[in-house]
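First up is the structure itself, then whatever we jot down about it.
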There are 2 protein chains.
Amino acid sequence: MQSNDYENCFQIINMNNELDIFVDYLKQHNLRCTPQRNLILKIFLEMEGHVTVEDLHKKIRPEDPTIGIATLYRTMKLLIDAGLVEMHNFNDKTTYERLYMVKHHDHLICQICNKTVEFEHPLIEKYQQEVCDQHEFDLKSHRMELIGFCNECKK
Amino acid sequence: MQSNDYENCFQIINMNNELDIFVDYLKQHNLRCTPQRNLILKIFLEMEGHVTVEDLHKKIRPEDPTIGIATLYRTMKLLIDAGLVEMHNFNDKTTYERLYMVKHHDHLICQICNKTVEFEHPLIEKYQQEVCDQHEFDLKSHRMELIGFCNECKK
DNA sequence: TTATATATTGAGACCCATTATCAATATCAA
DNA sequence: TTGATATTGATAATGGGTCTCAATATATAA
Ligand SMILES: [Mn+2]
Ligand SMILES: [Mn+2]
Ligand SMILES: [Zn+2]
Ligand SMILES: [Zn+2]
């Protein structure tokens with residue numbers, strides 16, 4: 001075990017929640033830890049599911065009415081880069097979803113009522129990797145959305 | 001075989017190319033067959049792969065410099081509704097791709113150079129249907145994009 | 001602590017793909 | 001040919017997202 005292994009070890013032990021990871025990410029990239037960034041992450045983590053910037057802005061205003069919309073966009077981008085958040089674009093609407101420590105899943109999307117159902121299918125994931133291997137692609141992420149009518153709307 | 005089966009049969013026989021389908025779609029929806037719409041479809045079909053509105057506009061100008069950009073957007077939407085075209089949104093760029101009489105495929109997308117590789121995997125398609133069946137979803141379409149580094153860019 | 005370099009912020013201007021408006025024109029069925 | 005109505009292109013408007021910039025906050029070294 002070499003010195004940077006010790007460091008990695010130390011990091012892993014302490015990286016048991018999103019705030020730690022975010023702070024660590026900021027440090028590693030020579031970015032600064034600010035109350036705005038912390039607050040945005042805190043509020044975001046209190047929200048469930050697929051969150052729009054507008055949702056987030058509304059929820060944050062009571063705690064800090066001065067926070068600017070640009071800072072929201074900037075911070076969400078950082079959270080994505082830090083691997084904590086993923087961005088969706090269902091039905092032409094941008095939403096953000098917690099990613100870290102949450103089981104990966106894909107989405108069924110109803111094109112009538114916009115309801116989404118989350119699922120995961122290990123074999124699909126496996127074959128996705130196979131396809132990438134065949135094409136010598138280094139798979140980093142994927143997007144899979146199954147679009148149709150939900151059980152309510154298909155009636 | 002009942003009378004509407006005859007009709008269906010008749011339609012299928014005559015729907016052997018995109019123009020016929022488009023004309024039929026227009027008729028069925030009380031929309032009008034115009035030179036602009038026909039030209040847009042014709043030029044689009046002459047183009048390969050993933051086409052942007054800008055590409056299409058450039059290619060059309062020589063044949064009809066008066067055609068408006070709004071008509072392009074409007075017509076592409078009709079072609080999608082007619083089932084002839086599908087819209088993509090890779091790397092935040094909107095493109096259109098021929099759909100009818102072309103084998104279905106999904107995409108590998110390089111996030112460095114934007115190269116796309118087309119593939120299809122019958123088992124993935126099968127499991128997608130299974131997932132939908134389990135959730136009583138009526139699957140109409142899907143989007144699957146595998147994102148990463150292509151063989152060139154991963155070096 | 002203080003000083004310094006530099007990263008961050010919020011306001012508002014800006015961008016740009018797409019859509020809405022509207023008066024003139026084209027289509028099509030009668 | 002006519003008349004109802006769908007379509008068109010020019011252009012204005014929309015809206016999510018980004019950029020700019022001067023004021024401020026943070027981190028680090030002394
Ligand atoms: Mn989800
Ligand atoms: Mn393709
Ligand atoms: Zn539904
Ligand atoms: Zn590449």
Side-chain angles (χ1 to χ4, degrees), chain A residues 19 22-44 50-58 60-82 85-97 114, chain B residues 19 22-44 50-82 85-96 114:
Chain A
L19 182 58
F22 191 35
V23 170
D24 191 76
Y25 175 86
L26 294 174
K27 281 218 173 74
Q28 306 236 350
H29 290 77
N30 199 26
L31 302 172
R32 290 175 186 178
C33 197
T34 68
Q36 290 91 339
R37 286 174 177 168
N38 288 345
L39 178 63
I40 290 167
L41 176 55
K42 171 177 163 282
I43 299 289
F44 175 76
H50 304 156
V51 176
T52 65
V53 163
E54 200 191 343
D55 293 338
L56 196 51
H57 196 207
K58 277 199 189 112
I60 282 188
R61 239 188 315 243
E63 303 217 23
D64 180 355
T66 71
I67 212 153
I69 197 79
T71 299
L72 276 182
Y73 281 107
R74 289 187 283 231
T75 303
M76 294 319 288
K77 205 162 281 178
L78 291 177
L79 291 172
I80 290 169
D81 294 342
V85 168
E86 116 188 297
M87 194 174 81
H88 298 307
N89 223 80
F90 304 154
N91 297 106
D92 294 312
K93 217 169 190 184
T94 300
T95 59
Y96 299 87
E97 179 171 28
N114 273 13
Chain B
L19 182 58
F22 192 36
V23 170
D24 192 77
Y25 175 87
L26 294 173
K27 282 219 173 75
Q28 306 236 351
H29 290 77
N30 199 27
L31 302 171
R32 289 174 185 176
C33 196
T34 67
Q36 290 91 339
R37 286 174 177 169
N38 288 345
L39 178 62
I40 290 167
L41 175 55
K42 170 177 164 282
I43 300 290
F44 175 76
H50 304 157
V51 177
T52 65
V53 163
E54 200 192 343
D55 294 337
L56 196 51
H57 196 207
K58 277 198 189 116
K59 191 103 185 289
I60 281 188
R61 238 187 317 243
E63 303 217 23
D64 180 354
T66 72
I67 212 153
I69 197 80
T71 299
L72 276 182
Y73 281 106
R74 289 187 284 233
T75 303
M76 294 319 288
K77 203 163 283 179
L78 291 177
L79 291 172
I80 290 170
D81 293 341
V85 168
E86 118 188 294
M87 194 173 81
H88 298 305
N89 222 81
F90 304 153
N91 298 106
D92 295 311
K93 217 168 189 186
T94 299
T95 59
Y96 299 86
N114 274 14

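Just so it is clear, the values below take in all heavy atoms, side chains as well, and ignore hydrogens, waters and symmetry mates. Lettering follows sequence order; numbering is per chain, from 1.
- Residues of residues 73-81 of chain A that place a heavy atom closer than 4.0 Å to DNA chain C, in numerical order, are A:Arg74.
- Nearest-nucleotide assignment on DNA chain D puts the 5′-proximal partner with B:Leu72, out of B:Leu72 and A:Leu31.
- Minimum heavy-atom separation, B:Cys33 to B:Val23: SG-CG2, 4.1 Å.
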Derivation of the side chain to side chain contact (heavy atoms under 4.5 Å, CB included) call for B:Asn38 and B:Leu19: CA-CA 8 Å; B:Asn38 288 345; B:Leu19 182 58; 3.8 Å; yes
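- Contact annotation: the side chain of A:Glu97 never approaches that of A:Val85 to less than 4.5 Å [non-hydrogen atoms, C-beta and beyond].
- Scanning for side-chain hydrogen bond (donor to acceptor under 3.5 Å, both in side chains) contacts around A:Asp55 gives A:Thr52, with sequence neighbours left out.
- Interface limits on DNA chain C: the 5'-most and 3'-most nucleotides within less than 4.0 Å of chain B heavy atoms are C:dA17 to C:dC28.
- Contacts with DNA chain C (heavy atom under 4.0 Å) in residues 63-70 of chain A: A:Thr66, A:Ile67, A:Gly68, listed by number.
- Rounding to the nearest 0.5 Å places CD1 of B:Ile43 at 15.0 Å from NZ of B:Lys58.
- Helix-axis bend for the helix from C:dT1-D:dA30 to C:dA30-D:dT1: the local axis fitted to the five terminal pairs at one end deviates from that at the other end by 40°, rounded to 10°.
- Shown here are the salt bridge (charged side-chain N to carboxylate O under 4.0 Å, His left out) partners of A:Lys27, two or more places apart in sequence or in another chain: there are none.
- Annotation: the span from B:Gln36 atom CD to B:Leu41 atom CG amounts to 13.5 Å, rounded to 0.5 Å.
- Within residues 87-94 of chain A, no residue has a heavy atom under 4.0 Å from DNA chain C.
- Between A:Val53 and A:Thr94, the closest side-chain pair of non-hydrogen atoms is not below 4.5 Å.
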Side chain to side chain contact (heavy atoms under 4.5 Å, CB included) between B:Leu31 and B:Tyr25, worked out: CA-CA 8 Å; B:Leu31 302 171; B:Tyr25 175 87; 4.2 Å; yes
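- In this structure, the NZ atom of B:Lys27 is 15 Å from the C1' atom of D:dA6, given to the nearest Å.
- Using a 4.5 Å heavy-atom cutoff, the side chains of B:Lys42 and B:Glu63 are in contact.
- For A:Arg37 (side chain) and A:Arg32 (main-chain N/O), a donor-acceptor pair under 3.5 Å exists by modelled atom type.
- A:His29 has its NE2 atom 18 Å from the C1' atom of D:dA27, to the nearest Å.
- With sequence neighbours excluded, the residues forming a ring pair (Phe, Tyr, Trp, His ring centres under 6.0 Å) with A:Phe90 are A:His50, A:His88, A:His107, listed by chain and number.
- Annotation: the span from B:Leu56 atom CG to B:Arg61 atom CZ amounts to 11.0 Å, rounded to 0.5 Å.
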Under 3.5 Å, which donor-acceptor pairs link side chains of residues 67-82 of chain A to any protein atom two or more places apart or in another chain?
residue: A:Thr71; atom: OG1; partner: A:Arg74; partner atom: NH2; Å: 3.3
residue: A:Thr75; atom: OG1; partner: A:Thr71; partner atom: O; Å: 2.7

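- Here B:Asp64 pairs with B:Thr66 under the side-chain hydrogen bond (donor to acceptor under 3.5 Å, both in side chains) rule; sequence neighbours left out.
- Within residues 32-40 of chain B, the residues approached by DNA chain C to less than 4.0 Å at the level of any non-hydrogen atom are B:Arg32, B:Cys33, B:Pro35, in residue-number order.
- Listed by chain and residue number, B:Glu46 satisfy the salt bridge (charged side-chain N to carboxylate O under 4.0 Å, His left out) test with B:Lys59 (two or more places apart in sequence, or in another chain).
- Rounded to the nearest 0.5 Å, atoms CG (A:Asp92) and CE (B:Met87) are 5.5 Å apart.
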